[in-house]
Structure formats: structure tokens, C-alpha cells
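Beneath this line is the structure, given in C-alpha cells, with notes to follow.
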Amino acid sequence: EILRCLVGSEMCIRDRGSSVLTERITNMLFRADFAFKSVLEITPDFLHKQNIRGLLLDLDNTLTTHDNPQPADGVLDWIAEIKGRGVKMVIVSNNHPPRVKPFADMLGLDFICEGKKPLSSGFNRGQKMMNIPFSQLAVVGDQIFTDILGANLKRVRGIFVYPIEHEKTAFFKLKRWAEKPFLPKII
């Protein structure tokens, strides 16, 4: 007998308790293709080997800490190195223009505000700005349920980076706890 179930945000069909399909769906949606401790570890050589010509970058806790107007140490040099090797970048953030625009301007990057991640509209707009096929793009971010889920829904490679700093609000503590089963190992 086949049972239908709804587990969290995933829908599955179980055959008498079998979790094979659930596991496949979970792996498809919440698993990153690559993982690094920080964006600073993503090298131009790595991107070249993976045929990645464009990056859709998250902002908060990926390029800087939450609400910090300054990039994290080393990010300006990293941006310059990646740009210097011909890789295009666009910030795709769920945050609002007063937060994103000044930060993106400081880095010299195009940006998408209110990107609605994990939905694809922000990624679509970023791809059009760069004019690079999705097959040559990657999403870079620190959150499984926005950045990596969004990348997988769009069928774009996802690069998970561990958060620069753990957030202190109850909402983010709960979200980080829920992400634990899906956290990738660093390559």
C-alpha cells in the first residue's frame, strides 16, 4: 500500500515506511554541489575547472555579517581577483534596497534586491544581467533553505559557504538548527 505524506516542506510517497523517495527528494533539494568554509576559499582555478563563468552571490553572512555596511576581511581582494579572471558576479539578496545598494556599490557589483529566494525570480534577473547560461552559473550562499534550495529548484550549481557569524535572533537560531541535517562537509 502506498501512503502519501507531507514532511516539513517536502512531499513524498512512501511504500510502507520506505524513506528512499524522501531521501532522494531531500538530497535533490537541500544538498549543495560544493562547500567551502568561506567565499575566500572559492578560487578562480576552481571556478574555471567547473566551467563556472558567473556567480549569483548572497550578501548577509556570505560577504559580510548581518547589517554590517563593510565587507568581511579579504572580500574586496577576493572580488577583485575573481573579477580579474573574467568571472561575472551579481548580488542576489532577499534584503531591501537601503541595505543592498550601498554595499553592492562599494564592491562595484550589480545587484538584485528582494530576490525572493528560494524562488527563481532573483536568479533569473541576475542571469539576464550577466547574460551567461544557467549551466555556467553558480549560486553562493550560507543558507540551505534559501540559497541552496533556490539553486536546486533552478537547477543551478550551489556553493554553500559556512556563515561568517551565527545570528542571534530566535528565527535564525531555529533556521540554523533545522539546517543541520543538510549541512555539507567542506571540500
Side-chain angles (χ1 to χ4, degrees), residues 9-11 24-64 71 74-97 99-101 103-163 179 182-187:
S9 63
E10 60 186 68
M11 196 143 131
R24 276 194 192 143
I25 291 170
T26 300
N27 282 333
M28 287 179 0
L29 295 177
F30 302 119
R31 298 287 181 206
D33 295 291
F34 308 101
F36 294 92
K37 184 177 178 191
S38 150
V39 291
L40 305 179
E41 294 182 359
I42 302 170
T43 65
D45 289 337
F46 167 80
L47 297 173
H48 178 75
K49 286 177 188 168
Q50 298 300 323
N51 194 31
I52 296 171
R53 296 180 37 233
L55 297 175
L56 299 161
L57 299 167
D58 178 48
L59 192 161
D60 287 316
N61 246 339
T62 298
L63 300 175
T64 189
V75 166
L76 287 173
D77 291 336
W78 178 79
I79 295 282
E81 179 183 14
I82 298 296
K83 272 186 178 178
R85 294 286 288 271
V87 177
K88 294 181 179 181
M89 293 172 278
V90 171
I91 293 174
V92 179
S93 175
N94 284 349
N95 221 318
H96 305 291
R99 166 67 174 134
V100 181
K101 184 181 180 345
F103 193 88
D105 289 347
M106 182 188 325
L107 298 180
L109 296 178
D110 289 328
F111 62 93
I112 306 293
C113 299
E114 300 166 355
K116 300 177 185 167
K117 298 180 290 185
L119 303 177
S120 62
S121 63
F123 299 138
N124 290 339
R125 290 167 44 209
Q127 182 268 340
K128 285 180 182 154
M129 286 177 158
M130 291 188 277
N131 195 28
I132 295 173
F134 281 110
S135 63
Q136 296 177 349
L137 293 178
V139 173
V140 179
D142 69 297
Q143 292 188 52
I144 298 292
F145 298 133
T146 55
D147 305 308
I148 300 306
L149 175 58
N152 287 328
L153 289 172
K154 192 65 195 165
R155 298 192 177 173
V156 176
R157 284 173 284 180
I159 301 175
F160 178 83
V161 294
Y162 279 84
E179 287 180 337
F182 310 110
L183 291 177
K185 292 179 176 45
I186 298 172
I187 60 172

Report task. Would you check, one step at a time, whether the test side chain to side chain contact (heavy atoms under 4.5 Å, CB included) holds for K88 with L137? Result -> CA-CA 9 Å; K88 294 181 179 181; L137 293 178; over 6 Å; no
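- Side-chain contact between L63 and I91: present, with at least one pair of heavy atoms (C-beta onward) separated by less than 4.5 Å.
- Residue N131 qualifies as open at atom CG: its count of foreign heavy atoms under 6.0 Å is 12 or below.
- A donor-acceptor distance shorter than 3.5 angstrom exists from the side chain of N94 to the backbone of K116, with no hydrogens or angles considered.
- Looking at D147, its side chain never comes within 3.5 Å of a backbone N or O of F160 through a donor-acceptor pair.
- The two residues F34 and Q50 have their closest heavy-atom pair at CZ-OE1, 3.3 Å.
- Residue L59 forms a side chain to side chain contact (heavy atoms under 4.5 Å, CB included) with just one option from D142, T64, N95, and that option is T64.
- Residues M129 and I112 have side chains in contact (heavy-atom distance under 4.5 Å, counting atoms from C-beta outward).
- Counting heavy atoms from C-beta outward, L40 and V75 have side chains that approach closer than 4.5 Å.
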Requested in this report: May I have the step-by-step check of side chain to side chain contact (heavy atoms under 4.5 Å, CB included) for L47 and R85, ending in yes or no?
Outcome: CA-CA 10 Å; L47 297 173; R85 294 286 288 271; over 6 Å; no
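- W78 contributes a side-chain N or O that, together with a main-chain N or O of I42, makes up a donor-acceptor pair within less than 3.5 Å.
- Here the side chain of N152 pairs a donor or acceptor atom with the backbone of L29 at under 3.5 angstrom.
- Looking only at distances, a side-chain donor or acceptor of Q127 sits under 3.5 Å from a matching main-chain atom of I132.
- Between the CG atom in L56 and the CE atom in M130 there is a gap of 4.0 Å [rounded to 0.5 Å].
- L76 contributes atom CG, which lies 5.5 Å from atom CG of L107 (distance to the nearest 0.5 angstrom).
- T43 places a side-chain N or O within 3.5 Å of a backbone atom of F46 that can act as its donor or acceptor partner.
- A salt bridge between D45 and K49 is absent, with no side-chain N of the basic residue lying under 4.0 Å from a carboxylate O of the acidic one.
- A donor-acceptor pair under 3.5 Å is formed between the side chain of K83 and the backbone N or O of G108.
- The shortest non-hydrogen separation linking S120 to K154 is CB-CD, 3.6 Å.
- Between N51 and R157, the shortest heavy-atom distance links the atoms O-NH2, 3.6 Å.
- Closest heavy-atom contact between G158 and D33: N-OD2, 2.8 Å.
- Looking at residues two or more places apart in sequence or on another chain, you find a salt bridge (charged side-chain N to carboxylate O under 4.0 Å, His left out) between R99 and D60.
- Here F111 pairs with nothing under the ring-ring contact (aromatic ring centres under 6.0 Å, His included) rule; sequence neighbours left out.
- The structure places CD of E81 at 8.5 Å from CG of D77, a figure rounded to the nearest 0.5 Å.
- For the side chain to side chain contact (heavy atoms under 4.5 Å, CB included) criterion with L57, the lone passing option out of V92, V139, I79, V90 is I79.
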Query raised in the report: Checking side chain to side chain contact (heavy atoms under 4.5 Å, CB included) for the pair F30/L149: CA distance, chi angles, key distance, verdict?
Result: CA-CA 5 Å; F30 302 119; L149 175 58; 4.0 Å; yes
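- Contact between C113 and P97 at its shortest, heavy atoms only, is SG-CA, 3.5 Å.
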